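These figures come from a predicted structure and were not determined experimentally. As the structure lists them, so they are numbered: ligands from 1, and atoms in each ligand from 1.
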Amino acid sequence: MSVAAGKPRGVLFRWAEILPLTEKTPRLTLGEGDTPLVRSVALEGLCGLDELWLKLESCNPTGSFKDRGMVVAVAKAVESGAKAIMCASTGNTSASAAAYAARCGIDCFVLVPGGKVAAGKMAQAVAFGSRILEVEGNFDQALNAARELTAKHPVALVNSVNPNRIAGQKTAAFEICEALGDAPGLLAIPVGNAGNITAYWQGFCECAERGLANAHPRMMGFQAAGAAPIVLGEKVERPQTVASAIRIGNPASWKGATSARDESGGLIAAVTDEEILEAYRLLARREGLFVEPASAAGVAGLLKLGREGRLRGGRAVAVLTGNGLKDPDTAAAQHTPDITRAEATVEGVERALGW
Ligand code: F0G
């Protein structure tokens with residue numbers, strides 16, 4: 001199960017010393033973690049930053065950051081003898097849970113909000129052979145059900161309320177400090193259920209304690225305006241946004257997110273769907289980075305703060321959480337295709353191009 005050719009890659013190998021592993025924890029991997037950190041010269045000026053670095057979490061095996069935490073959660077579930085796992089999801093957690101369950105030969109039950117999960121993510125859950133339950137309700141209701149079901153039945157809950165998920169996800173902060181030689185001044189990140197901002201903050205605090213960073217970044221979380229409970233200070237009963245991954249009205253790690261904000265001197269703000277889609281298009285057209293809409297929320301937030309003159313230089317990292325291939329419908333709606341029909345000959349293509 002943990003067999004990988006060559007030098008073992010993966011979060012459980014690379015970061016064993018900062019994870020809650022024992023000798024009995026299976027060394028599971030699909031090659032997650034160790035994702036690229038690339039500089040965005042095109043966007044840093046637009047944001048009013050000296051340096052903007054993008055952490056490409058879309059390069060994880062199932063195409064999102066969830067794999068970092070899921071590998072730990074599933075390995076620990078298998079260690080404890082679990083034969084099945086369950087999660088509620090807007091799509092990425094379920095794709096990741098389903099993949100690692102398939103790798104371990106255990107059952108996976110996923111609860112997804114009916115009709116609200118992007119097509120690519122559903123395709124992944126189907127391909128990996130998970131048992132999919134489309135619930136008549138939103139993510140928050142699905143998570144409540146998953147919590148109660150896993151308390152009642154012998155099935156491990158692998159949502160980010162499981163501390164092993166947070167432990168795995170904090171490894172991204174370590175990679176960033178390692179790559180830059182210090183923590184960045186700012187970290188921009190989309191906020192949905194708020195597990196990831198909680199995990200990054202934990203990771204940066206541990207990096208400072210271990211001498212891998214001299215300071216902490218200011219944590220800048222961004223919610224979609226139609227699903228911004230932390231910004232509003234109250235639950236949103238009917239969250240709405242084009243960024244379906246973060247369509248969440250009552251984040252489980254609400255407190256973790258506000259602690260990260262307050263302890264770091266950061267902020268949690270809202271970005272509109274238009275601002276998210278502007279960043280989504282800019283990342284594709286200016287940087288060659290095809291992310292899903294939710295992933296663009298961090299960059300959208302930095303662009304907005306930049307426009308308002310609130311960023312004065314410095315070095316920022318924005319986390320790009322998921323791959324654009326997951327949501328082909330939004331891609332088709334947002335990018336006008338430039339397609340010309342041509343005969344399959346040199347002359348035919350030349351004619352079509354007007355050469
Ligand atoms: N970006 C993407 C692509 C996501 O899928 C999610 C969350 C987030 C950002 C927000 O992260 O929840 O830790 O604050 N997706 C979850 C899911 C809810 O079910 O896949 P968060």
Side-chain angles (χ1 to χ4, degrees), residues 55-60 62-70 73 86-99 110-113 116-118 120-122 124-125 130 132 135 138-140 142-143 146 157-162 165-166 168-170 172 187-203 219-224 227-230 239 241-258 260-261 268 271 276 279-280 283 290-301 318-327 330:
K55 181 71 169 156
L56 307 189
E57 288 293 279
S58 44
C59 292
N60 277 298
T62 74
S64 87
F65 72 95
K66 304 286 179 178
D67 296 339
R68 281 180 193 279
M70 196 58 72
M86 178 180 275
C87 65
S89 183
T90 56
N92 281 324
T93 298
S94 48
S96 186
V110 308
L111 271 57
V112 294
K116 296 292 182 194
V117 174
K121 304 177 189 181
M122 282 305 274
Q124 288 179 292
S130 62
I132 303 168
V135 301
N138 59 29
F139 169 85
D140 305 294
L143 180 57
L157 182 64
V158 294
N159 279 104
S160 57
V161 292
N162 178 332
R165 282 277 312 278
I166 303 292
Q169 284 172 210
K170 79 181 176 189
L187 185 98
I189 187 167
V191 175
N193 210 26
N196 213 24
I197 190 171
T198 302
Y200 269 85
W201 181 237
Q202 193 175 313
M219 301 293 284
M220 308 281 208
F222 295 98
Q223 299 196 293
I230 301 176
T241 168
V242 68
S244 59
I246 53 172
R247 189 171 169 272
I248 293 175
N250 185 20
S253 298
W254 190 314
K255 187 138 192 323
T258 50
R261 176 193 66 194
I268 296 182
V271 281
I276 290 173
Y280 170 84
L283 283 164
F290 185 30
V291 299
E292 63 170 291
S295 301
V299 172
V319 185
L320 302 185
T321 47
N323 197 302
L325 293 169
K326 286 173 171 279
D327 190 352
T330 302

Query raised in the report: In the protein, which heavy atom is nearest to atom 13 (O) of ligand 1, and how far is it?
Result: N196 N, 2.8 Å
Query raised in the report: Is there a donor-acceptor contact under 3.5 Å from the side chain of S130 to the main chain of I132?
Result: no
Query raised in the report: Quick one: which ligand 1 atoms are inside 4.0 Å of a heavy atom on E292?
Result: 3 (C)
Report task. Name the closest protein heavy atom to atom 4 (C) of ligand 1, giving the residue it belongs to and the distance to 0.1 Å. Result -> A245 CB, 3.5 Å
Query raised in the report: Among all protein non-hydrogen atoms, which one is nearest to atom 8 (C) of ligand 1, and what is the separation to 0.1 Å?
Result: I246 CG2, 3.6 Å
Requested in this report: State, yes or no, whether a side-chain contact exists between R165 and R68 at a heavy-atom distance under 4.5 Å.
Outcome: no
Query raised in the report: Short list, please: which atoms of ligand 1 are under 4.0 Å from a heavy atom of V191?
Result: 14 (O)
Query raised in the report: Is any N or O atom of A294, backbone or side chain, closer than 3.5 Å to an N or O atom of ligand 1?
Result: no
Query raised in the report: Which protein heavy atom lies closest to atom 5 (O) of ligand 1, and at what distance to 0.1 Å?
Result: N92 ND2, 2.7 Å
Query raised in the report: Would you call T321 and S64 a side-chain contact if the rule is heavy atoms closer than 4.5 Å?
Result: no
Query raised in the report: Are K66 and Q169 close enough, and set up right, to give a side chain to side chain donor-acceptor pair (under 3.5 Å), and what steps lead you there?
Result: CA-CA 7 Å; K66 304 286 179 178; Q169 284 172 210; 5.5 Å; no
Report task. Taking the side chain as every heavy atom from C-beta outward, state whether L56 and C59 have any atom pair closer than 4.5 Å. Result -> yes
**Report entry** Side-chain touch S160/I166, heavy atoms, less than 4.5 angstrom
**Finding:** yes
Query - Heavy-atom side-chain contact between S94 and V112 under 4.5 Å - result: yes
Report task. Kindly indicate whether the side chain of N92, heavy atoms from C-beta on, has any atom under 4.5 Å from the side chain of K121. Result -> yes
**Report entry** Per-atom contacts, ligand 1 versus G195 - under 4.0 Å to a heavy atom
**Finding:** 13 (O), 14 (O), 21 (P)
Query raised in the report: With no hydrogens and no angle check, do the side chains of N323 and E57 hold a donor and an acceptor under 3.5 Å apart?
Result: no
Report task. Using a 4.0 Å heavy-atom cut-off, say whether I197 meets ligand 1 through its side chain, its backbone, both or neither. Result -> neither
Query raised in the report: Can you tell if the side chain of Q223 reaches within under 4.5 Å of the side chain of I268, non-hydrogen atoms only?
Result: yes
Report task. Within a distance under 4.0 Å of any heavy atom of T93, pick out the atoms of ligand 1 and give their elements. Result -> 16 (C), 17 (C), 19 (O), 20 (O)
Report summary line: The protein heavy atom nearest to atom 15 (N) of ligand 1 is K66 NZ, 2.9 Å
Requested in this report: Do me a favour and list the nearest non-hydrogen protein atom to atom 11 (O) of ligand 1 with residue, atom name and distance?
Outcome: F65 CZ, 3.5 Å
**Report entry** Nearest protein heavy atom with distance in Å, relative to atom 12 (O) of ligand 1
**Finding:** N193 N, 2.7 Å
Query raised in the report: Tell me: protein heavy atom nearest atom 2 (C) of ligand 1, and distance?
Result: T321 OG1, 3.4 Å
Query raised in the report: Which ligand 1 atoms are under 4.0 Å away from a heavy-atom of S89?
Result: 17 (C), 19 (O), 20 (O)
Report task. Run the numbers on K116 and N138 for side chain to side chain donor-acceptor pair (under 3.5 Å), then give the verdict. Result -> CA-CA 8 Å; K116 296 292 182 194; N138 59 29; over 6 Å; no
Report task. Check whether any heavy atom of I248 sits under 4.0 Å from an atom of ligand 1. Result -> yes
Query raised in the report: A194: heavy atom below 4.0 Å from ligand 1, yes or no?
Result: yes
Query raised in the report: Quick one: which ligand 1 atoms are inside 4.0 Å of a heavy atom on T90?
Result: 15 (N), 16 (C), 17 (C), 18 (C), 19 (O), 20 (O)
